[in-house]
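Here is the structure we will look at, set down as structure tokens.
One-based numbering, in listed order, for ligands and for the atoms of each.
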Amino acid sequence: MGIQIAPSILSADFANLESEIGRIGNADLVHVDVMDYHFVPNLTLGLPVVEAILSRTDVPVDCHLMIDDPDRWAPAYAEVGAANVTFHAEAAAAPVRLAREIRRQGARAGVGLKPATPVEQFEDLLTEIDMLLVMTVEPGFGGQEFLDVCLPKIRKAREMVSRSGLDIWIQIDGGVSKETVERCADAGADVFVAGSAVYGAADAAAAVEDLRRLAEHASTLT
Ligand code: DX5
Ligand code: ZN
């Protein structure tokens, strides 16, 4: 699939979501952060708003569920038409069953890892998933500083995926900007979430292109 850029609407104007998503028509995915005040200390939006977004854009929707009990709530996001549904490893009771259910509903299944969660525990489950999300900040808020301490985990994830021979995307999320995107691409990430770096720019589409160009140039993937 190559390098993909996924602007996060967490940094968009929530009162004007349709036009805000229209600003990033050149993106590969639109990243939607669902937060529940429990898994993370913030609250954003849920299924009705995701459905509204799906009805107004052709860009595939990438749902990042930062919620407790994803076993109960995640499949519905796939059912309504999200392209990717990512749940957190720390919150899922039965990740294999959940990933299978998300796939059964027609979406790609992603597993998210907070900065302190090791990736190795998922090596045996790679056949069950389509994306690993390596968080590069503590989840919950946009505009945080990128955590360099997560770079070795991106490399480990890439090594695991390469060994498996499977088509599994490695997404990173948090603090991605023109200053940090290259080291993540060099470490093996291929899907780049960026909130403030895109929506904080006067020209959001140009910011997407800048990130894409830098990531493609630094990428070690063939
Ligand atoms: C944070 C969210 C991110 C957030 C990233 O928990 O998962 O998607 O929007 O924002 P930036 O790119 O500003 O760090
Ligand atoms: Zn996110």
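For the residue pair E209/N26, the side-chain donor-acceptor check at 3.5 Å is satisfied. Between the side chains of Q171 and D62, a donor-acceptor pair is found at a separation under 3.5 Å. Checking D186 against S219 by side-chain atom types alone, no donor-acceptor pair falls below 3.5 Å.
Ion pairing between a basic and an acidic side chain is recognised when a charged N comes within 4.0 Å of a carboxylate O; D28 and R212 show such pairing. Between K156 and E159, no side-chain nitrogen of the basic residue sits less than 4.0 Å from a carboxylate oxygen of the acidic one, so the salt-bridge criterion is not met.
Shortest distance from the Zn ion (ligand 2) to D173 is reached at OD2 (N/O/S atoms only). The atom name of the N/O/S atom in D33 closest to the Zn ion (ligand 2) is OD1. Here the N, O or S atom of H64 that is nearest to the Zn ion (ligand 2) is ND1.
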Inset, instruction - Could you check E18 against R56 for salt bridge (charged side-chain N to carboxylate O under 4.0 Å, His left out), going step by step and ending with a plain yes or no? - result: CA-CA 7 Å; E18 184 172 8; R56 302 298 171 94; 2.8 Å; yes

Inset, instruction - List the steps, then state whether salt bridge (charged side-chain N to carboxylate O under 4.0 Å, His left out) holds for D148 with R183. - result: CA-CA 9 Å; D148 272 289; R183 54 193 112 137; 2.8 Å; yes

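Listed by chain and number, residues touching ligand 1 at under 4.0 Å (heavy atoms only) are S8, L10, H31, D33, H64, M66, M135, P139, G140, F141, G142, G143, D173, G174, G175, V193, A194, G195, S196.
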